[in-house]
Amino acid sequence: MCDNQVLNTIKASQVPEGDRLSFLPKHLGKLMMKFEGTVYLWMRRLSTDYTGGYWNFYELSNGGFYMALSGEKRFQFDSPNYAQEEVSADAAGVIVTMFALNAIINGIAYEEEPDLSENFIKGYYQLRDFAAEHAESRKIFALID
């Protein structure tokens with residue numbers, strides 16, 4: 001369970017080590033490598049504090065998912081919308097997963113994989129619903145809007 005939750009009707013569960021290999025294919029199909037690379041790219045773009053690390057996978061009780069760095073490190077984010085916030089590794093993961101989903105939705109998925117595009121759109125809104133309940137929701141929405 002993610003420590004950064006409040007009220008939470010939507011629960012986040014860390015994917016067990018033994019299920020990690022099936023996580024990306026389950027949620028992203030053949031676009032999994034493109035998506036994973038896009039997550040890392042957005043993390044590097046949004047935070048100069050990012051120097052790599054071990055990423056955990058989370059599944060949400062509403063069917064959504066996200067990736068987040070393990071550990072307690074905090075990251076200074078500078079968004080393309082000029083918002084600047086310091087966020088936890090968990091909030092950073094929510095943010096970069098949303099940026100990556102959006103990039104895939106607006107690019108390759110729609111043109112090359114229209115059926116997958118619907119899944120990506122659904123996944124984006126499932127994660128957005130979770131973000132609305134997150135302890136750092138104000139910061140998350142300042143950075144993604």
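All residue numbers in this chain count up from 1 along the given sequence. These numbers come from a predicted model, not from an experiment.
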CE-NE2 distance between M67 and H27, expressed to the nearest 0.5 angstrom:
11.5 Å

What's the separation between atom CG in D90 and atom CD in E72, rounded to the nearest 0.5 Å?
9.5 Å

L60 versus Y66: any side-chain heavy-atom pair under 4.5 Å?
yes

Does any part of the side chain of F65, heavy atoms only, come nearer than 4.5 Å to the side chain of F23, both counted from C-beta?
yes

Using only atom types and a distance under 3.5 Å, with no angle test, would you say the side chain of S47 pairs donor to acceptor with the backbone of M43?
no

Could you please spell out the steps behind the side chain to side chain donor-acceptor pair (under 3.5 Å) verdict for E133 and T9?
CA-CA 8 Å; E133 298 180 356; T9 57; 2.5 Å; yes

Mind checking whether L69 and Y54 have side chains closer than 4.5 Å, heavy atoms only?
no

Heavy atoms from other residues, nucleotides or ligands near NZ of K122 exceed 12 (cutoff 6.0 Å):
no

The criterion is ring-ring contact (aromatic ring centres under 6.0 Å, His included); which residues satisfy it with Y125, sequence neighbours excluded?
none

Name the orientation class of the two ring planes belonging to Y40 and W55 (parallel below 30°, tilted from 30 to 60°, perpendicular beyond 60°).
tilted

Take I105 and Y124 through the test side chain to side chain contact (heavy atoms under 4.5 Å, CB included) and record every step on the way to the result.
CA-CA 9 Å; I105 290 164; Y124 178 89; 4.0 Å; yes

So, N62 side chain and Q126 main chain: donor-acceptor pair closer than 3.5 Å or not?
yes

I need the L28 CG to T38 OG1 distance, nearest 0.5 Å.
10.0 Å

ring-ring contact (aromatic ring centres under 6.0 Å, His included) contacts touching residues 75-101 (sequence neighbours left out)
W42-F99

Verify the cluster assignment for L21 and M32: are they in a single hydrophobic cluster under the rule of side-chain heavy atoms below 4.5 Å apart?
no

Does any donor atom in the side chain of D78 or Q84 lie under 3.5 Å from an acceptor atom in the other side chain?
yes

Report yes if the side chains of N102 and F120 come closer than 4.5 Å at any heavy-atom pair, otherwise no.
no

Which atom names give the shortest non-hydrogen contact between A89 and A68, and what distance separates them?
O-CB, 3.8 Å

Is the F130 to Y58 ring centre distance short of 6.0 Å?
no

Could you check whether any side-chain N or O of S22 sits under 3.5 Å from a backbone N or O of D19, counting only pairs where one atom can act as donor and the other as acceptor?
yes

Reported CG-to-NZ distance for the pair L41 and K34, which is rounded to 0.5 angstrom:
9.5 Å

Does K30 use its side chain to pair, donor to acceptor, with the backbone of P25 at less than 3.5 Å?
no

What distance separates L143 CG from I95 CD1, expressed to the nearest 0.5 Å?
4.5 Å

Using side-chain hydrogen bond (donor to acceptor under 3.5 Å, both in side chains) as the criterion, point out the one residue from E136, K139, H134 that pairs with S88.
E136

Before you tell me yes or no, could you show the steps for I140 and V87 under side chain to side chain contact (heavy atoms under 4.5 Å, CB included), namely the whole-Å CA-CA distance, both residues' side-chain angles and the distance that decides it to 0.1 Å?
CA-CA 8 Å; I140 293 170; V87 296; 5.7 Å; no

Can you tell if the side chain of Q76 reaches within under 4.5 Å of the side chain of T48, non-hydrogen atoms only?
no

Within the 3.5 Å criterion, strictly below it, is a donor on N56 or Q14 matched to an acceptor on the partner's side chain?
yes

From L101 atom CG to F35 atom CZ, the distance as rounded to the nearest 0.5 Å:
4.5 Å

